[in-house]
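Report on one structure; see the data block that follows.
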Amino acid sequence: MRISLRHKQHHIAVDVHPEGGSYRIGIGETEHVVEAHYIDETTMMLVVDGRRHHVAIARKGKERLVAIDGEIYQFAPESGSAGHVATFAPPEIIAPMPGKVLQVLVKAGDHVAAGDGLLILEAMKMENRLVAEAAGTVTEVRVTEGAMVDGGQVLVVMKYDE
Amino acid sequence: MRISLRHKQHHIAVDVHPEGGSYRIGIGETEHVVEAHYIDETTMMLVVDGRRHHVAIARKGKERLVAIDGEIYQFAPESGSAGHVATFAPPEIIAPMPGKVLQVLVKAGDHVAAGDGLLILEAMKMENRLVAEAAGTVTEVRVTEGAMVDGGQVLVVMKYDE
Amino acid sequence: MTLFRRVLIANRGEIAVRLIRGCHELGIEAVAIYSEADATAPHVLCADDAVCVGPPPSAESYLNIERTIDAARQTKAEAIHPGYGFLAENAAFARAVSDAGLTFIGPRAEAIAAMGDKVAARKLVVKAGVPVVPAVEDVADASQLPRVAADIGYPLLIKAAAGGGGKGMRIVRSEADLAPAFAAAAREAQSAFGDGRLFVERYLERPRHIEVQVLGDQHGNLVHFGERECSIQRRHQKIIEETPSPALTPALREQMTAAAVAAARSVNYSNAGTVEFLLDQDGRFYFLEMNTRLQVEHPVTEWVNGIDLVHAQLRVAAGERLWLQQDDIRPRGHSIECRIYAEDAAQTFLPSPGTILHLREPGGPGVRVDSGIRAGYTVPIFYDPMLAKVSVWGETRDAAWRRMIAALREYVVLGCTTSIPFLLDVLDHPAFASGDTHTHFIEEHFPSWRGREQHRVIAAIAAAIDTTRPQRAATAGATAAPASPWATLGHWRVGAGG
Amino acid sequence: MTLFRRVLIANRGEIAVRLIRGCHELGIEAVAIYSEADATAPHVLCADDAVCVGPPPSAESYLNIERTIDAARQTKAEAIHPGYGFLAENAAFARAVSDAGLTFIGPRAEAIAAMGDKVAARKLVVKAGVPVVPAVEDVADASQLPRVAADIGYPLLIKAAAGGGGKGMRIVRSEADLAPAFAAAAREAQSAFGDGRLFVERYLERPRHIEVQVLGDQHGNLVHFGERECSIQRRHQKIIEETPSPALTPALREQMTAAAVAAARSVNYSNAGTVEFLLDQDGRFYFLEMNTRLQVEHPVTEWVNGIDLVHAQLRVAAGERLWLQQDDIRPRGHSIECRIYAEDAAQTFLPSPGTILHLREPGGPGVRVDSGIRAGYTVPIFYDPMLAKVSVWGETRDAAWRRMIAALREYVVLGCTTSIPFLLDVLDHPAFASGDTHTHFIEEHFPSWRGREQHRVIAAIAAAIDTTRPQRAATAGATAAPASPWATLGHWRVGAGG
């Protein structure tokens, strides 16, 4: 069974083959032998190719939040065949939380470099600078200065350079 | 609505009257005004007659386990009209955990005082002395020395003095 | 000495929880205040009584002086502890508390006012012989800027005359950036402190932030508890603090603590306070400001000196004479603190509030967690995104450092992005390990951090296996359920060999 | 000095978790062993590798020398830490570890053997000038008893020659009780230690249990870390420990620590160990035994002395020279530990295992929890019922005492009866508060404790309201669910006044 996941810009296709009490797991060209033990609903003990990993997992709809050794991952399911692991920045710049648009730094048509500021959002008492994750062209600016926006609202749409 | 509960030897009848967002609660002759807020499934904030109490609660079948300020209570529901608060010792002496009966100290017909030893159970690497909670007569001894017993198994039956 | 019977805690989050514990340990009842967004926040649950002081925005609740004092009156509290932030450095509040016949747990209002105005404070401490950074004070409008900048020389730092905590601060490296930075800083200062006045000073390259904890009683006695180094900052806010500073020699420590005591004495300081300095690469130090309150990072001082600063605050506020001479204070070992924020360090440290789906805090020897969250708690969007602080103690800096890394690796917070992975990468950096720290550490070593993902494959395997598993419920709750059919427990064995 | 790369922890529960943390903090990988009952126990989850060593009964798993050493070999561990209990004071195990080419983290096997036989140990320390209680050693059979008893005088204490930890101990106050007590003690000694030999001594009335922590390296250097008082016992097992002892004057401390060092030197002791004494009401002290291992109550010594004893054990076992002189060790403040058992103090301390339905541990400044449980965990019936330990530090005994009470009131364990309510009543007792403690404290002040139920009415109200509430699920799990229709949150307000 192929599970296609996205974590940030990473697309990961995981082939899960249950085999007796354990799994064969294929990722890219590599195959892993995995034992999975649920300690409780939020704690898994994985033994991957003989090495033990203590993993915490939480579910948010279809998403899986995973904590391991101080690291945090958030995997969203993807449909379709995402067999490649490629760099990918989402074209829609989204408000990470509710706040007020203090300043819009770009307009449609502008070309920006990776790290260039797109707009400034005031939230949690701080001015937060939203930046372009990669170089590209601004195709749309959906907010104006002074606007109150909700978390998750699309603020700017980008078309990244190939 | 009357809820009859038992905690150890205490029988407590609680009259619960929802009233708007809060409750009138009758226990014995006393009436309390209570606000109850569930913080999550296991945490309640009670405001009883104007005083706040932070209560942890867990459920085990029909039993309610309650922790408050370092104290622990285990309430079992009771049917019937248990409007009185009386001292009560259960007539059946039960093995608190699995173990081995090392020694039986009484036989049917013996009269014992409160605190007298009934038998010695080896469990968790210790010799545990099970004692009579009140004065009474041993009506039945259901185990013999050397027997392995399960937790919850009846070991001795008592008839307490009136 | 009779302490208070009941104290109102005019704050929220981890510091309110910590203050309530401190009260309880002294046999004092604690009253919480809360906004409508915080009715079931952790600090409310552990208080003996609680009063709602208004709607979620802090300007209408935690910054509301009148309602806060009313709450104390209603609940018959005899004193108010302001914590840090909110009303902690508001002289008008301290005065209003006294005027209401209550005790303000902190310095006198005059000391707060004197140190709260950065321009006035600077003049005061200069008079007391404390060195300061070359600067021009009180720049009222942008037209003066080019002249001011020329006098001091680039790079420059612009900051709010009234504030602290990084709000309203901007670094300017060239004249082109001057005007927009000034405008933004003024806007932030106005919104955060209701006072848009700014202060321009020479910006030191790669300085260390070193601060000294002081404690005074109301009878003129004043001691210090050594320094803290708080150089690791992002957005001009501290994220890792430690004591002792790897940079201080005994001679330099002697000079800096003496300067701190002189600065505090210049305003007849009582209660707990912190004198902040910058230490440049040549070992020269400059007064930055005095924080007239308990500091976020006070736990490292407590660990190393064997003092409870909150107990001390309550005792001196009640009029007790200092029970310690300077010679009684003997620091031991090393302590480090990490602040855990709900923020995404890979996205310019954007705040990332959410609902805590799963929480497991580190523990054991030498590890302290001061937490303002719990499992199931939704972090409100209205306040500072700091969730908790982890502080550790070790016999040496190396021991404390290793313990902090172990503690952060144990720490599980799922539901919002936290700074834990970033903190681990900072701690792992050779420059941090060797104590080569300065306030530009993050910009210099982590200009574009993208995440710590050493276990991405293992995490993906876990997510994939969990996705194939039949779901029990659609809710996103953390459930400690009994064994599921997928839990193949019992006699299993792993490890090398057979 | 190179430490080990990988260490096997031959234990379970809180001490295994604490040892694994100690290894990780020194950059050492930790391998757990576990019985079939412990496949998912907390200590297994935090280890880097784990090996099953047998079925649930300890005789077939945690006491299995061969399998334990095999597990170390399989996982390429270089050393074995035995913790306390199980194989910790088994000289044959220590020898087998060395014979396998591994390092035993503890004293040499000869020192364990010498101190393990209570009869031989007594002779040894007497030669070293350490005072002992009048006693007759090695009573092989009951026929000798009346003569022995007459020589010493009642009350008597019968104890196992081979053991410790209260197993095989009996107090006898009159000749009538002599024979049955002897039989029971011999039976317990045989079953616990495989050695039924007993030891009879004069029983001291209301003595204090005072012990001294020592630490030696393999180069003849030995220091002590002062005393612990462990007088609060039930079933002859400690439940509350503290340091310093309220009973010790500086002069007496000097004498007792010197005696402890002499006792340890009499067997060329290396690594961490504890010399136990009884202190009678006239200030005379008597050697009781030496525990050749880490003690359950070691955290109080760590708090007060600023030492990590587990790190120290690993370092001296690796051959490192002691980095501390006696003068470097300066105790500060006061520390108290409470052991949290799954037991019912109202039912003669009967063990009460079960499934932990809900767990909330205390935290914050000066509070340390060493825990061997988690929410959802079922406490196995095969092992010691200790769940966790809480230890606190305070500037004074009073501060530590208040902090412990606050911490225990915060502690929530639901699912099995714990000793927390009993511990609170013991702490609240005026005799404890004033430091008037002795080993018969519980018998004397709590002969028939029935429970701490100050909040019975509130608890009943909570249970009744919860009973009337529609249930979401029939399972007994602890669920952090989103707000329910019963949660009337939002703008609510309580407190005196309006």
Side-chain angles (χ1 to χ4, degrees), chain A residues 1 3 5 7-8 10 12 14 16 18 21 23 25 27 30 32 34-42 44 46-48 50 52-53 55-62 64-75 77 96-98 102 115 120 122-131 151, chain C residues 167 184 187-188 192 235 344 346-348 350-353 357-358 360 381-385 408-409 411-415 417-418 420-421 424 448 451-468 471-472 476 478-481 483-484 486-489 492 494-496:
Chain A
M1 181 178 189
I3 307 291
L5 300 168
H7 165 65
K8 294 184 174 172
H10 305 285
I12 306 174
V14 184
V16 179
Y23 298 88
I25 302 267
I27 297 186
T30 317
H32 303 277
V34 178
E35 282 179 66
H37 307 272
Y38 279 87
I39 307 306
D40 56 42
E41 284 294 303
T42 56
M44 291 171 81
L46 288 185
V47 186
V48 180
R52 298 155 54 86
H53 300 274
V55 178
I57 194 157
R59 297 153 200 106
K60 203 167 162 180
K62 289 187 178 300
R64 293 296 178 275
L65 283 62
V66 177
I68 173 169
D69 221 13
E71 301 177 3
I72 311 169
Y73 300 86
Q74 182 157 4
F75 294 99
M97 52 183 314
L102 276 191
I120 296 174
E122 189 185 61
M124 273 187 157
K125 303 276 147 197
M126 298 291 288
E127 293 192 6
N128 303 291
R129 195 177 165 84
L130 273 63
V131 301
Chain C
K167 278 151 200 161
R187 203 161 50 224
E188 266 186 39
R235 290 167 170 263
D344 189 352
Q347 297 274 350
T348 65
L350 278 176
S352 153
L357 302 177
H358 186 42
R360 194 170 58 226
I381 61 162
F382 302 99
Y383 315 108
D384 185 90
L408 292 186
R409 289 170 61 173
Y411 209 148
V412 176
V413 184
L414 286 178
T417 301
T418 74
I420 293 170
L424 278 167
S448 60
R452 177 186 171 98
E453 307 200 346
Q454 301 175 357
H455 297 289
R456 195 194 301 148
V457 167
I458 305 298
I461 290 172
I465 289 175
D466 194 70
T467 300
T468 66
Q471 280 300 298
R472 322 200 119 223
T479 314
S484 80
W486 285 71
T488 56
L489 309 178
W492 58 284
V494 296

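Lettering follows sequence order; numbering is per chain, from 1. Just so you know, these numbers come straight off a predicted model, no measurement behind them.
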Task: Residues forming a side chain to side chain contact (heavy atoms under 4.5 Å, CB included) with A346(C), sequence neighbours excluded - done: K8(A), D344(C), W449(C)

TODO: Only counting residues at least two apart or in another chain, list the ones meeting side chain to side chain contact (heavy atoms under 4.5 Å, CB included) with A67(A).
DONE: A56(A), V412(C), L414(C)

If every non-hydrogen atom of [X] is compared with every non-hydrogen atom of [Y], which pair is closest and at what distance?
X	Y	result
P421(C)	G70(A)	CG-O, 3.4 Å
L424(C)	D69(A)	CD1-O, 3.9 Å
A459(C)	I68(A)	CB-CG2, 4.4 Å

Any non-hydrogen side-chain atom of [X] less than 4.5 Å from a side-chain atom of [Y]?
X	Y	value
R409(C)	E71(A)	no
H358(C)	I57(A)	no
R59(A)	L357(C)	no
Y38(A)	D466(C)	yes

- [ ] Identify which part of Q454(C) has an atom lying under 4.5 Å from any heavy atom of chain A, answering side chain, backbone, both or neither.
- [x] both

Task: Toward chain A, the part of S448(C) with a non-hydrogen atom under 4.5 Å - done: neither

Task: Distance-only polar pair, side chains of H7(A) and R456(C), donor-acceptor under 3.5 Å - done: no

Open item on the list: Between I72(A), V14(A), L130(A), who has the most heavy-atom pairs with chain C when the cutoff is under 4.5 Å?
Closed with: I72(A)

